[in-house]
Amino acid sequence: MKEFFLNLGNLKLNTPLMLSSGTWGWGENLSKFLSLAEIKYSIGALVTKGVSLEPKEGNPPPRIAETPCGLINSIGLENPGIKEFKAKYLPPIKLYEIPVIVNLFGEKIEDFVGLAEELKEEVSGIELNISCPNVEKGGILFSDNPKLVKDLVREVRKIWNSFLAVKLSPVGPVFEVAKSCERAESDALVVANTYPALTVLSFKPLKILKGGLSGPAIKPLTLRLVWELSQRVGLPIIGCGGIITGKDALEYLICGAKAVQIGTANLINPKSVAEIMEELEKLLKTYGLSY
Amino acid sequence: MKEFFLNLGNLKLNTPLMLSSGTWGWGENLSKFLSLAEIKYSIGALVTKGVSLEPKEGNPPPRIAETPCGLINSIGLENPGIKEFKAKYLPPIKLYEIPVIVNLFGEKIEDFVGLAEELKEEVSGIELNISCPNVEKGGILFSDNPKLVKDLVREVRKIWNSFLAVKLSPVGPVFEVAKSCERAESDALVVANTYPALTVLSFKPLKILKGGLSGPAIKPLTLRLVWELSQRVGLPIIGCGGIITGKDALEYLICGAKAVQIGTANLINPKSVAEIMEELEKLLKTYGLSY
Amino acid sequence: MFEAKVFINQREGGEYYLLGLRVSENLAKKFLPGQFLKIRVSSTLDPLFPRPFTIHAIEGSKLYLLYRVVGKGTQILSKILPEEELKILGPLGKPFPEIKEPYIICAGGAGIAGFGYLLQKTSHLPLKIFYGVRTKEELVRVNFYEKFHVSLTLVTEDGSYGTKGLVTEALEEELENKFKKYKPCLLACGPLPMLKSVLKVAKKYQLKTFLVLETFLACGTGFCRGCVIPLRKGGYTHLCIEGPTFLAEELDLERVFS
Amino acid sequence: MFEAKVFINQREGGEYYLLGLRVSENLAKKFLPGQFLKIRVSSTLDPLFPRPFTIHAIEGSKLYLLYRVVGKGTQILSKILPEEELKILGPLGKPFPEIKEPYIICAGGAGIAGFGYLLQKTSHLPLKIFYGVRTKEELVRVNFYEKFHVSLTLVTEDGSYGTKGLVTEALEEELENKFKKYKPCLLACGPLPMLKSVLKVAKKYQLKTFLVLETFLACGTGFCRGCVIPLRKGGYTHLCIEGPTFLAEELDLERVFS
Ligand SMILES: Cc1cc2nc3c(=O)[nH]c(=O)nc-3n(C[C@H](O)[C@H](O)[C@H](O)COP(=O)(O)OP(=O)(O)OC[C@H]3O[C@@H](n4cnc5c(N)ncnc54)[C@H](O)[C@@H]3O)c2cc1C
Ligand SMILES: Cc1cc2nc3c(=O)[nH]c(=O)nc-3n(C[C@H](O)[C@H](O)[C@H](O)COP(=O)(O)OP(=O)(O)OC[C@H]3O[C@@H](n4cnc5c(N)ncnc54)[C@H](O)[C@@H]3O)c2cc1C
Ligand SMILES: Cc1cc2nc3c(=O)[nH]c(=O)nc-3n(C[C@H](O)[C@H](O)[C@H](O)COP(=O)(O)O)c2cc1C
Ligand SMILES: Cc1cc2nc3c(=O)[nH]c(=O)nc-3n(C[C@H](O)[C@H](O)[C@H](O)COP(=O)(O)O)c2cc1C
Ligand code: FES
Ligand code: FES
């Protein structure tokens, strides 16, 4: 897709497809399943798994379960912490020569600012994961409080000049939060993260898994959000939810997204992004569409 | 399931299964697909399609579309209006000798009160559909405003002594709305209605369908809501979302629901409720469970 | 839903398949021409809804369906083998109306399916059948239709067999040449653009016309109210319980075809 | 993912099936004993995730899997016919560790699958294999295993064939009688309760033990971080990239079995 070229803030994308946070490990195995040519041809940007100031070992098992056309995950933001991330994980990811966006999460605003400080000059952009609890406000999710999100983005923006996206939670006061991001000069919105969900793993003894739902099941929900938000908010939207095929990606682009992220599809088939790109190009030709 | 006997307010159920609003037509064809014995054996209560003061012809086509493990509908609350409903549709439904709950919707609080007035002494209960816009408040959904819901339930409660349930929307300030219902002395919560969704029907020309998502895709989402609400709200919860099998029904009952409603399953197979009841009984036996 | 055992499921040509289901004789007897059944094509949750198909023919306790593979449901169906069991529900919908007048059938593609059973059952055969497809391979079950000794005009868009052109062009020519005075009724089933052309022809010659319509069905039983067809007098009718065959003049055709 | 053509998919006994897939010789050569592949069992979205299976045997370009039908994915798989194409991904995971010491294999049910390929490839055969199932019909591929001339003890819970009882009881008896001094290693694969018993036995005789574990996998490629196994030293390891075979003493066994 040689013609594609999108500016989002000062991020330049050569394809409209990104790999979403947490769905391609730490990149260690990416080139085991995709050739360098496939990576360059299909991936516009790589969004890393969520990184925090301190390392986190994540949740105990079980962490994942299949539901009808969906996946519930409760990984618990397992990550090596920003220091080790920069030293050990980031350098190989940068070797792909594709824009790298680091997904960040913290427990208070300063955490995010501290993380951004650490990444200055290092990467093409950051994506703020606001689906996490704020310990200073009694554990309320950032995403439940538009004011908190505005403060968060403002503070990070002060020290971060390159691409800054906020990854919205699909639940809570989504439209107000989106407006906050706009006012606080975020460059883009990622719509959206997973949906709070639960599945029963066993009846006796009762075992349940609470976590976030992703995959095809949520596509009609997130597509609706993208459609509504793109009509009410000035920021470019990056759609993310249940994209498995090129047709799914095109649906997002047609419903108002400027680019999309691929998540669960990478887990089903690590070559998904290359196949989606191929299908998308064919569809654009078939329908005589461009954007 | 002879032992089952549940009191919800002054509604008595002989089975924990209800047919949900809008998923069994107006009852005209029910006995074409289920024998009277099957109906009696499996259905605890019948919840009618939504009724308003005036007749509504509903939305133009297309009204429905399949999505991954789900259904989007935008029927537009097609109904004959309360007068004709009482005269023509209600009498045959009452012949099944099963509690009848009438699902009500209106554009302002008085509409609901008026509808309840019309049904006094006529039926076993009413279910208030609050996923509809309030014209007096500029079109905001009742379900987006906990105060409005409290006023609504209070006003209806004044003139309605028998079973009164509120059917929650799964989006918006769900917990606050649930609390409002509790304070205003609702007898139960139905958790929940469909999720706002969108699907692309054709790319060129662009045709989309906006509507409510139901079916297996939403089960993990509504199950989570039922779980959380049952721990925070004192009212009995009637679970509703994506129940296709007896196992699904049991999941809801185990996660805090006192009874459940079957919706989309009736559309897949009109005998679903009887099959679900059979499976549920078997599972209860297998696991040595009761409730 | 009932269990039915597949005894045949074979490709007839193009993307068209003939499916044979064995059911109880009692159930088979309940179906009238023009009615349909729905089939659960998979035991998993995707596709979620059973797919509707018109009865193509019945022999004793054997139901035949003729279907075209167009998407994932029909694709899965086409891979099912004899001896497998399928869940079906029917009869659903209203039979073809009783047409007292002489009438002509016009069918495009899979639209031909339901007329087989009509020919089997009716004592009032049509004057003629026009059956059009894109290309030769898609002309299926012709031997079966020929058995009824009704004049059958085969039309292919590419001229690879029979008359070249659109089935409605062949229909119009015939009407122009032979039926200007008789004014037969039309009974038409096929894709929307074809039905649109049928209506143009019908208007020109002022013919009473019945259309067999299709739309995505969720329930097929009247439960969901999803399958609405706009009426001329205002409001809607429901395809799955009042159709699929409608008298054209009762429909709000502009909205049906928009 | 790669396309692989099914050339055999037959029931071996009980709920056990043997699946044969033809792939390129190049691909076949990449697999080592103990590694697995994942198979997309359906082209639809339910089930959503490919299911993982250990390599049971390889002959040239032919891969063999031995699987038990336990849920919807394996049910669908069991209905696939020769000549159909399946999408597969592999090799995934780490091979069995190189065991230098004499060792005994203990397998329950489908846990036997992966040891076939081990026997085919290894130059260091196990001292013995204990293979247990519930009842006679579930003892599958015995002829195949017998070809390697390794002492094979067959155990059925109901005593319908071979030794009666649990496979770990047979193991313990053997150890008690013959291996008290030699202290062989154990390599065990089977359901959790069996592995638990294996560990009890291993503790009693102080044997170094390798466990082949299972858990639901979403990706199988290290992408999702879902398949964690608690470690004794704290933290987690990931079954799909660091396993499925682990040295028991490195695991936090209490949490693994909780
Ligand atoms: C009452 C009735 C009787 C029918 N009888 C027959 C029959 O005898 N033989 C036969 O071949 N088909 C018949 N059909 C059409 C058939 O039901 C559909 O082709 C089938 O449901 C498509 O399922 P799918 O999963 O393969 O396609 P999907 O994956 O659901 O859709 C694939 C493509 O086909 C289009 N499509 C889906 N359904 C329809 C439809 N009903 N009309 C037009 N386009 C559609 C979709 O928009 C999409 O582009 C009938 C339909 C109705 C309503
Ligand atoms: C690395 C690895 C290698 C494997 N190799 C083989 C093999 O060679 N042969 C073989 O028969 N099986 C093997 N399995 C197990 C096999 O993958 C599962 O049985 C299969 O995925 C179940 O899919 P399903 O859709 O049929 O069952 P589901 O419908 O997903 O589940 C049905 C039931 O089985 C249980 N279940 C599902 N997966 C597992 C699991 N992994 N362990 C225990 N219980 C489970 C579920 O909890 C549920 O109760 C392997 C698993 C792993 C992780
Ligand atoms: C296993 C897994 C791990 C994830 N980890 C993160 C994460 O660390 N940070 C984050 O913002 N989103 C995370 N997500 C959410 C995805 O990036 C994506 O937003 C979501 O899965 C919806 O897209 P999908 O339906 O294409 O998967 C994760 C999702 C999955 C399935
Ligand atoms: C076709 C259709 C029509 C519906 N009509 C109504 C309605 O009139 N009033 C209402 O409160 N809910 C209505 N619902 C919502 C259902 O009653 C139910 O809450 C929802 O579908 C979730 O349950 P399910 O997943 O089991 O279908 C309708 C749902 C469908 C699918
Ligand atoms: S398809 Fe549901 S009413 Fe016709
Ligand atoms: S299954 Fe995804 S990391 Fe192991």
Side-chain angles (χ1 to χ4, degrees), chain A residues 19-20 22-30 32-34 49-50 55-80 199 201 205 207 209 211 214-217 219 242 244-245 248 262-272 274-275, chain D residues 1-3 30 37-52 71-73 86-94 192 213-231 233-243 251-252 254-258:
Chain A
L19 297 194
S20 88
T23 62
W24 51 288
W26 295 99
E28 332 84 297
N29 289 330
L30 203 58
K32 210 169 133 188
F33 300 107
L34 286 166
K49 187 156 175 54
K56 276 183 77 119
E57 68 177 33
N59 289 337
R63 289 183 172 185
I64 44 174
E66 188 174 321
T67 66
C69 292
L71 174 71
I72 294 184
N73 90 77
S74 170
I75 307 300
L77 297 166
E78 171 190 328
N79 84 93
T199 191
L201 299 172
K207 280 191 196 161
L209 176 67
S214 65
K219 194 187 66 172
I244 305 290
T245 64
D248 299 327
I262 318 288
T264 301
N266 303 316
L267 310 180
I268 298 172
N269 174 4
K271 273 193 185 303
S272 287
E275 293 175 9
Chain D
M1 303 191 92
F2 309 97
E3 295 275 342
K30 290 189 184 151
L37 48 67
K38 58 178 203 173
I39 303 185
R40 186 104 211 245
V41 298
S42 155
S43 61
T44 70
L45 297 171
D46 178 39
L48 188 58
F49 290 93
R51 302 301 200 231
K72 66 181 165 185
L86 284 175
K87 287 196 172 168
I88 63 167
L89 186 76
L92 299 170
K94 291 228 188 316
L192 276 189
L213 297 181
E214 279 187 13
T215 174
F216 171 72
L217 303 185
C219 68
T221 58
F223 283 11
C224 78
R225 308 282 144 166
C227 58
V228 278
I229 307 290
L231 290 177
K233 65 173 188 195
Y236 303 104
T237 186
H238 299 87
L239 183 140
C240 76
I241 40 178
E242 305 300 334
L251 305 178
D252 179 345
E254 208 159 300
R255 293 174 71 202
V256 169
F257 289 106
S258 79

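Letters go in sequence order (proteins before strands), and every chain restarts at 1. Side chains are part of it too, since the values below use all heavy atoms of this structure and drop only hydrogens, waters and symmetry mates.
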### Task
Search all heavy atoms of D:F49 against all heavy atoms of A:G70 and return the closest pair with its distance.
CE1-O, 4.3 Å
### Task
Compare all side-chain heavy atoms of A:P61 with those of D:T215 and state whether any distance is below 4.5 angstrom.
no
### Message
Could you check whether any side-chain heavy atom of A:R63 comes within less than 4.5 Å of a side-chain heavy atom of D:R225, counting everything from C-beta outward?
### Response
yes
### Query
Where on D:L239 is there a heavy atom nearer than 4.5 Å to chain A: the side chain, the backbone, both, or neither?
neither
### Task
Please tell me if the side chains of A:P216 and D:L48 come closer than 4.5 Å, counting only heavy atoms from C-beta onward.
yes
### Heavy-atom neighbours of A:K271 NZ exceed 12 at 6.0 Å
yes
## Note on the structure
So OG1 of A:T245 and CG of D:L45: to nearest 0.5 Å the spacing works out to 8.5 Å
### Task
Select, from A:L30, A:T264, A:N59, the one with the greatest count of heavy-atom pairs under 4.5 Å involving chain D.
A:N59
### Query
Do you know the tightest heavy-atom contact between D:F223 and A:N266?
CD2-O, 3.6 Å
### Query
Rounded to the nearest 0.5 Å, how far does CG of A:L71 lie from SG of D:C219?
9.5 Å
### Task
Rounded to the nearest 0.5 Å, what's the gap from CD on A:E275 to CE on D:M1? Could you check?
9.0 Å
## Note on the structure
So, the part of D:F216 with a heavy atom under 4.5 Å from chain A: the answer is both
### Message
Do D:T221 and A:W24 have side chains that approach each other closer than 4.5 Å (heavy atoms only, starting at C-beta)?
### Response
no
### Message
If I measure from the heavy atoms of chain D, does A:A65 come under 4.5 Å with its side chain, its backbone, both, or neither?
### Response
backbone
### Query
Stepwise, does the side chain to side chain contact (heavy atoms under 4.5 Å, CB included) test hold for A:E78 with D:V228?
CA-CA 11 Å; A:E78 171 190 328; D:V228 278; 4.2 Å; yes
### Query
Going by heavy atoms in the side chains, are A:I268 and D:P50 under 4.5 Å from each other?
yes
### Message
Within this structure, what is the CD-CD1 distance for the pair A:E28 and D:I241, rounded to the nearest 0.5 Å?
### Response
6.0 Å
### Query
After noting the C-alpha distance and the side-chain angles of D:C224 and A:I64, does the key distance pass the side chain to side chain contact (heavy atoms under 4.5 Å, CB included) rule?
CA-CA 9 Å; D:C224 78; A:I64 44 174; 4.0 Å; yes
### Message
I'd like to verify something: which residue of A:N73, A:N269, A:I244 has the highest number of heavy-atom pairs under 4.5 Å with chain D?
### Response
A:N269
